[in-house]
Peer 1: 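Got a structure here, written out as structure tokens. Questions coming.
The basis for the numbers below is simple: all heavy atoms, side chains too, and nothing from hydrogens, waters or symmetry mates.
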Amino acid sequence: AEDAEYPCILKQAYGEFGKECCIVSCADEVFKVALHGLGSRWVLQELVRGCFEVSTTVLVDKGNILDEISICYQYDSDAYVWP
């Protein structure tokens, strides 16, 4: 966390949607959320700025793509965490 280029997204390694995600500006903020360090529970990810998010779901059966659906969201800020 000390060597990261901030701001970053801090999120759980396992989970769904924006649960337990936050934008952090420094290593101190990381360790306020991830009290015991990143370990295998947390992921510190580059914050990619932009006001659009494209979300895609893919239906796969035995390695074959059966269907996909995508939706584009537009936000009022270039740095956000959903929801």
Side-chain angles (χ1 to χ4, degrees):
E2 291 83 4
D3 296 332
E5 292 185 29
Y6 290 93
C8 292
I9 298 284
L10 178 64
K11 61 184 182 179
Q12 289 188 343
Y14 304 97
E16 56 186 45
F17 306 110
K19 184 180 178 185
E20 301 292 332
C21 282
C22 58
I23 297 174
V24 292
S25 299
C26 64
D28 287 342
E29 289 182 10
V30 170
F31 295 117
K32 284 180 184 176
V33 176
L35 299 175
H36 303 292
L38 296 175
S40 61
R41 180 175 176 204
W42 296 97
V43 174
L44 189 60
Q45 175 181 311
E46 175 187 8
L47 173 64
V48 178
R49 292 185 176 274
C51 62
F52 292 98
E53 175 184 354
V54 178
S55 177
T56 301
T57 300
V58 180
L59 179 62
V60 178
D61 181 35
K62 299 177 185 164
N64 297 312
I65 297 175
L66 302 178
D67 202 359
E68 64 81 26
I69 188 167
S70 297
I71 189 165
C72 182
Y73 301 95
Q74 182 174 3
Y75 297 93
D76 59 359
S77 173
D78 71 341
Y80 60 89
V81 174
W82 185 88

Peer 1: With sequence neighbours left out, write down each residue that passes side chain to side chain contact (heavy atoms under 4.5 Å, CB included) with Ile69, or none if nothing qualifies.
Peer 2: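 Residues passing side chain to side chain contact (heavy atoms under 4.5 Å, CB included) with Ile69: Thr57.
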Peer 1: Mind checking whether Val33 and Trp42 have side chains closer than 4.5 Å, heavy atoms only?
Peer 2: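 Heavy-atom side-chain distance check passes, below 4.5 Å.
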Peer 1: Only pairs under 3.5 Å count here: list side-chain donor-acceptor contacts from residues 4-15, not counting sequence neighbours, and write none if there are none.
Peer 2:
from, atom 1, to, atom 2, distance (Å)
Tyr6, OH, Ala1, O, 2.5
Lys11, NZ, Gln45, OE1, 2.7

Peer 1: According to side chain to side chain donor-acceptor pair (under 3.5 Å), who are the partners of Thr56, at least two apart in sequence or on a separate chain?
Peer 2: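 With sequence neighbours excluded, Thr56 shows a side chain to side chain donor-acceptor pair (under 3.5 Å) to Ser70, given in chain and number order.
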Peer 1: Of all residues at least two apart in sequence or in a different chain, which pass the side chain to side chain contact (heavy atoms under 4.5 Å, CB included) check with Leu66?
Peer 2: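 Result, side chain to side chain contact (heavy atoms under 4.5 Å, CB included) vs Leu66: Leu59, Asp61.
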Peer 1: If hydrophobic residues (ILVMFWY) are linked whenever their side-chain heavy atoms come closer than 4.5 Å, directly or via other members, who joins Ile65 in its cluster?
Peer 2: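 Its cluster partners, ordered by chain and number, are Val58, Val60.
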Peer 1: Enumerate the side chain to side chain donor-acceptor pair (under 3.5 Å) contacts for residues 29-39, please, sequence neighbours excluded, ordered by first and then second residue.
Peer 2: none
Peer 1: Show which side-chain atoms of residues 73-80 pair as donor or acceptor with protein atoms under 3.5 Å away, not counting sequence neighbours.
Peer 2:
from, atom 1, to, atom 2, distance (Å)
Tyr75, OH, Glu53, OE1, 3.1
Ser77, OG, Ala79, N, 3.2
Ser77, OG, Ala79, O, 3.1
Asp78, OD1, Arg49, NH1, 3.3
Tyr80, OH, Phe52, O, 3.3

Peer 1: Under 4.5 Å between side-chain heavy atoms, hopping through other hydrophobics if needed: is there a path connecting Leu38 to Val24?
Peer 2: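 Yes, one cluster joins them.
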